[in-house]
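Counting convention: from 1, in listed order, for ligands and their atoms alike.
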Amino acid sequence: NNAVFSSDENGVLYSKDKTVLMKYPGNSALTVFAVPETVTEISDYAFENSYKIKTVCIPESVSSIGYGAFFNSYLEKIIVNSDNKNYSSDSFGVLFNKDKTTFIFVGGKGGVGKSTVSVNLAYALANHGYQTGLMDLDIHGPSIAKMLGIEDLRLQAIGNKIMPIKVTGSLKAVSMALLLNETDSPVVWRGPMKAAAIQQFLGDVDWGELDYLVVDLPPGTGDEALNIVQFAPNVEGAVIVTTPQDVAVLDSTKAIKFIEMMDLPVLGIIENMSGLVCPHCGEILEVFGKGGGVKAAEKYEVPYLGAIPIDIEMRKAGDEGRPFIIRKPGQDKNPTWEAVDKVMENLIAEVEKREE
Ligand code: ADP
């Protein structure tokens, strides 16, 4: 009822009071619509079904865009006036909410617990009331989907947007693995094809409003990851997951160099599998020694975000697809969750420091 615009099937746009703002002639070459400077809000479903419009230009005056505003509109491009403080669009016409979503990329080599850390970090952010998205870009395996217990679901598309899966009230997730049929064999995807798929995926998800988007990067140093970052504006930086053993053999150097090569600021290092939570007494046993992550962070002059211990419950919870169960209600002292929360708090502090 409160639509700023609505349109009929002929692509005629109406303003709130049903004044015809713009009428599309039959000529389909005219497919650009510039929202007038007087408009401050584009309401829910405002451009729904306006199938002739291929490009919408959004002026500085627009400060909010409603849910499903471009639903089923066949839009190809959204251009945002560069002075608009609320939204930005990249060269592909993907619309980003400018100051709201903080992109956090999680990198590291395979097997260091990148997926586990991404999932738990996203849960921690969501549990603290942040609207959080978790994006799994690993097409080689559905590990994040498995950990979240959503591996049997498939992503749905509305219009030309992919709808993420709602894991909890404040956590949404997408995984490239959930796009594929079992018969697809993503392992043989070659570089450029993979890059294109990842780029498209990154731009095509309708997240709604998000405070944080945690992106689990594919492992390794393939150049597809370079494209990912170019594609996503608004990127705050990357966190690097290492293990005490990596730190010992300086494997994290590679990860840091790689992230810096992508022109991404390093938000910090997280040391995973650091010590072991004793299943009997709950104490942390320092199996591989302590302080490697701190030393590495000092050496490379990047922030140290904290350590997450090896917790058998964490692995089990991940395997069962229920990462939340280790945060049992009524149990206020759990060293693993305390560690994850601490990492999250340090990360948020780091992000806020940069935004100042
Ligand atoms: P990556 O994404 O880096 O390949 P994963 O997150 O899949 O690594 O972790 C590899 C294995 O290690 C998984 O079985 C996971 O459950 C386990 N794991 C990772 N971090 C921890 C931890 N802190 N405590 C216990 N198990 C962990």
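- When only interatomic distances are considered, the shortest N/O to N/O separation between Gly113 and ligand 1 falls below 3.5 Å.
- Remark: distances from the non-hydrogen atoms of Gly111 to ligand 1 include one below 4.0 Å.
- Within a 4.0 Å radius of atom 19 (C) of ligand 1, the protein contributes one or more non-hydrogen atoms.
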Derivation of the salt bridge (charged side-chain N to carboxylate O under 4.0 Å, His left out) call for Glu350 and Lys353: CA-CA 5 Å; Glu350 202 50 51; Lys353 208 154 71 185; 3.5 Å; yes
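- Protein heavy atom in closest approach to atom 25 (C) of ligand 1: Asp311 O, 3.1 Å.
- At least one heavy atom of Pro309 sits less than 4.0 Å from an atom of ligand 1.
- Considering backbone and side-chain atoms alike, Asp216 places every N or O at 3.5 Å or more from each N or O of ligand 1.
- Any N or O atom pair closer than 3.5 Å counts here, and Ser143 shares no such pair with ligand 1.
- Using a 4.5 Å heavy-atom cutoff, the side chains of Val106 and Leu217 are not in contact.
- Minimum heavy-atom separation, Glu60 to Asn81: N-CB, 3.8 Å.
- In this structure the side chain of Lys172 never reaches within 4.5 angstrom of the side chain of Thr132, judged on heavy atoms.
- Closest of all the heavy-atom pairs between Val340 and Ala124 is CG1-CB, 3.8 Å.
- Looking at Asn272 and Thr243, their side chains never bring a donor and an acceptor atom within 3.5 Å of each other.
- Per-residue contacts place Ser115 under 4.0 angstrom from the following atoms of ligand 1 (heavy atoms of the residue considered): 1 (P), 2 (O), 6 (O).
- Short contacts between ligand 1 and Met147, defined as distances under 4.0 Å to a heavy atom of the residue, involve ligand atoms 6 (O), 7 (O).
- A 4.5 Å side-chain heavy-atom check between Val174 and Trp207 finds at least one atom pair inside the cut-off.
- Here the closest non-hydrogen pair linking Asn346 and Leu305 is ND2-O, 3.0 Å.
- At a threshold of 4.5 Å between non-hydrogen side-chain atoms, the residues Val239 and Ile269 do not count as touching.
- Atoms of ligand 1 found under 4.0 Å from any heavy atom of Thr116 (numbered from 1 in listed order, with element): 5 (P), 6 (O), 9 (O), 15 (C), 18 (N), 19 (C), 20 (N).
- In terms of protein heavy-atom proximity, atom 17 (C) of ligand 1 is closest to Arg315 CG, 4.1 Å.
- Every N/O-N/O distance between Met314 and ligand 1 stays at or above 3.5 Å.
- Taking a distance limit of 4.0 Å, we find that atom 13 (C) of ligand 1 is approached by no protein heavy atom.
- Nearest non-hydrogen protein atom to atom 21 (C) of ligand 1 is Asn272 ND2, 3.9 Å.
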